[in-house]
Amino acid sequence: MALKVAIKGVMGLPASMNKMSPSWSQLKPHPELAKEEISVIFVQHTDTTKIRKIFNKVNRYARQTSRSDNIITSDDDIFAVITRKLIAPGEPLAPVNGIDVVNWKNNTLSARSKHLTTLSALYTIAETLLKDEKLSNKMLPNEEIANDAYKTVSDFWRISLDKINAFSKYMELTYEDKPVSGLRESNLLLKPVTQMALAHTARMARAKDIPWEEIAKKLNTVDWSFENSVWFNILIIPSANKKMITGKEAIRGAGMVISYIVMGDKMTRDELNDVRQIICNARDDDNAELPQQV
């Protein structure tokens, strides 16, 4: 289309563009461009994986693609591969009755969204859960390591969806094709930011050999409402619209606070000092008290 307009000027514009911008009227034809030689590369389609890799590399480095596009198309990135597998049929976050549980187009969820989480959040959660495995996002590990990595992430989601009441309620409403907006407005667990923070808690539980099932049950006794002051300046900004706090370090900090609430008695002195500093910073008070454990 660009070449057509360049060669024919205004006459090269599609007829459907009946509302012409004033600047377009200045497009002059350059018919001499039709004689120019242009390099074109044709790639024989031998298999889909090869084409996907070429598409991903060309778009990623020639023109920056979105984070979601990279996750959807990358076949070298183990975290992207795991993320896509999670939403495949038969997997924990597969569509329910034709309704996508994961928003794979956008990185945020609107108030009326039917989704539980986003593709970007899934990727970050996989990264966090597997951080101690030292996996690369540029080269796939061998099949055995890849399968173990996927099991770690999928187990986190299977247990969470089964044992955490807010997630179970979401799945129940989705199966019945009922709105989930009320649940999202009342429970911070329906926010991708909180889910990413939970991954830090799950990683710590795993390092301490505490079953995620045990932690998941404790999470049900926590007050996840937007009015709970424990989360002020930790997960949410205490303003009228209760905006979520994003950012890698903020999410890690929220994960540490959640970890303290559900397994503070198993934390090391350094970990406790870290939580204490996070709370003091959030309260702007060097003598701020730590939240109550469950």
Side-chain angles (χ1 to χ4, degrees), residues 66-72 77 79-80 82-87 91-96 99-131 152-171 173-174 179-203 212 215-216 219-220 222 224-226 228 230-237 239 241-259:
S66 70
R67 177 175 167 88
S68 292
D69 286 342
N70 291 337
I71 294 171
I72 291 170
D77 185 341
F79 308 112
I82 288 172
T83 298
R84 293 199 302 271
K85 188 174 180 180
L86 285 169
I87 64 176
E91 299 303 321
L93 296 168
V96 174
I99 300 172
D100 287 330
V101 173
V102 177
N103 184 343
W104 51 273
K105 296 181 180 179
N106 302 308
N107 294 333
T108 58
L109 300 180
S110 66
R112 296 187 177 184
S113 173
K114 291 185 176 183
H115 309 295
L116 172 64
T117 190
T118 67
L119 199 71
S120 180
L122 283 191
Y123 183 97
T124 299
I125 289 169
E127 275 188 312
T128 301
L129 292 172
L130 299 169
K131 190 172 182 178
T152 296
V153 181
S154 62
D155 283 351
F156 165 81
W157 280 109
R158 289 186 192 281
I159 294 168
S160 297
L161 293 172
D162 183 49
K163 302 297 183 182
I164 298 177
N165 293 342
F167 293 162
S168 298
K169 183 62 177 177
Y170 165 84
M171 295 300 287
L173 291 171
T174 303
V180 298
S181 55
L183 186 60
R184 178 168 288 113
E185 291 170 1
S186 63
N187 197 305
L188 284 164
L189 289 174
L190 269 288
K191 295 288 189 178
V193 169
T194 311
Q195 296 159 12
M196 289 186 280
L198 284 184
H200 287 277
T201 301
R203 179 187 170 211
W212 183 237
I215 299 299
L219 291 172
N220 291 326
V222 176
W224 294 103
S225 68
F226 286 75
N228 184 0
V230 167
W231 309 122
F232 290 177
N233 295 319
I234 299 293
L235 281 171
I236 53 178
I237 298 173
S239 58
N241 59 2
K242 297 293 194 298
K243 186 177 180 181
M244 301 298 296
I245 300 174
T246 59
K248 192 172 183 180
E249 187 57 28
I251 291 172
R252 186 200 73 82
M256 289 298 294
V257 173
I258 296 170
S259 298

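In this chain, numbering begins with 1 at the start of the sequence shown. Hydrogens, waters and symmetry mates are skipped; everything else that's a heavy atom, side chains included, is used.
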**Q** Could you pull out all residues at least two apart from E91 that satisfy salt bridge (Lys or Arg N to Asp or Glu O under 4.0 Å)?
**A** R158

**Q** Can you list the residues that meet the side chain to side chain contact (heavy atoms under 4.5 Å, CB included) rule with S66, with sequence neighbours excluded?
**A**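 Here the qualifying residues are S68, D69.
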
**Q** Can you list the residues that meet the side chain to side chain donor-acceptor pair (under 3.5 Å) rule with S160, with sequence neighbours excluded?
**A** W212

**Q** Quick check for you: to the nearest 0.5 Å, what is the distance between L190 atom CG and Y170 atom OH?
**A**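 OH of Y170 is found 8.0 Å from CG of L190.
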
**Q** For residues 188-200, which residue pairs pass the salt bridge (charged side-chain N to carboxylate O under 4.0 Å, His left out) check, not counting sequence neighbours?
**A**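 Listed once each, the pairs would be none.
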
**Q** Using the salt bridge (charged side-chain N to carboxylate O under 4.0 Å, His left out) rule, collect all pairs that involve residues 100-116, keeping only residues at least two apart or in two chains.
**A**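 Matches after skipping sequence neighbours: K114-D177.
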
**Q** I'd like to check the ring pair (Phe, Tyr, Trp, His ring centres under 6.0 Å) partners of W224; sequence neighbours left out, ordered by chain and number.
**A**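 If we apply the ring pair (Phe, Tyr, Trp, His ring centres under 6.0 Å) test to W224, skipping adjacent residues, the hits are W231.
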
**Q** Considering residues at least two apart in sequence or located in another chain, which fulfil the side chain to side chain donor-acceptor pair (under 3.5 Å) criterion with T108?
**A**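 T108 satisfies side chain to side chain donor-acceptor pair (under 3.5 Å) with no other residue.
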
**Q** Run the side chain to side chain contact (heavy atoms under 4.5 Å, CB included) test against S113 and tell me which residues pass, sequence neighbours left out.
**A**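 Side chain to side chain contact (heavy atoms under 4.5 Å, CB included) list for S113, sorted by chain: L109, S110, H115, R184.
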
**Q** Name all residues meeting the side chain to side chain donor-acceptor pair (under 3.5 Å) criterion together with T128; count only those two or more places apart in sequence or in a different chain, and write none if there are none.
**A** none

**Q** Who pairs with K242 by side chain to side chain contact (heavy atoms under 4.5 Å, CB included), at least two apart in sequence or on another chain?
**A**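 Counting only residues at least two positions away or on another chain, K242 forms a side chain to side chain contact (heavy atoms under 4.5 Å, CB included) with F226, F232, I236.
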
**Q** Can you name the residues that form a side chain to side chain contact (heavy atoms under 4.5 Å, CB included) with A80, not counting sequence neighbours?
**A**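 Result, side chain to side chain contact (heavy atoms under 4.5 Å, CB included) vs A80: I71, S74, D77, R84, Y123.
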
**Q** For T174, which residues count as a side chain to side chain donor-acceptor pair (under 3.5 Å) partner, sequence neighbours excluded?
**A**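 With neighbours one apart ignored, the set is empty.
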
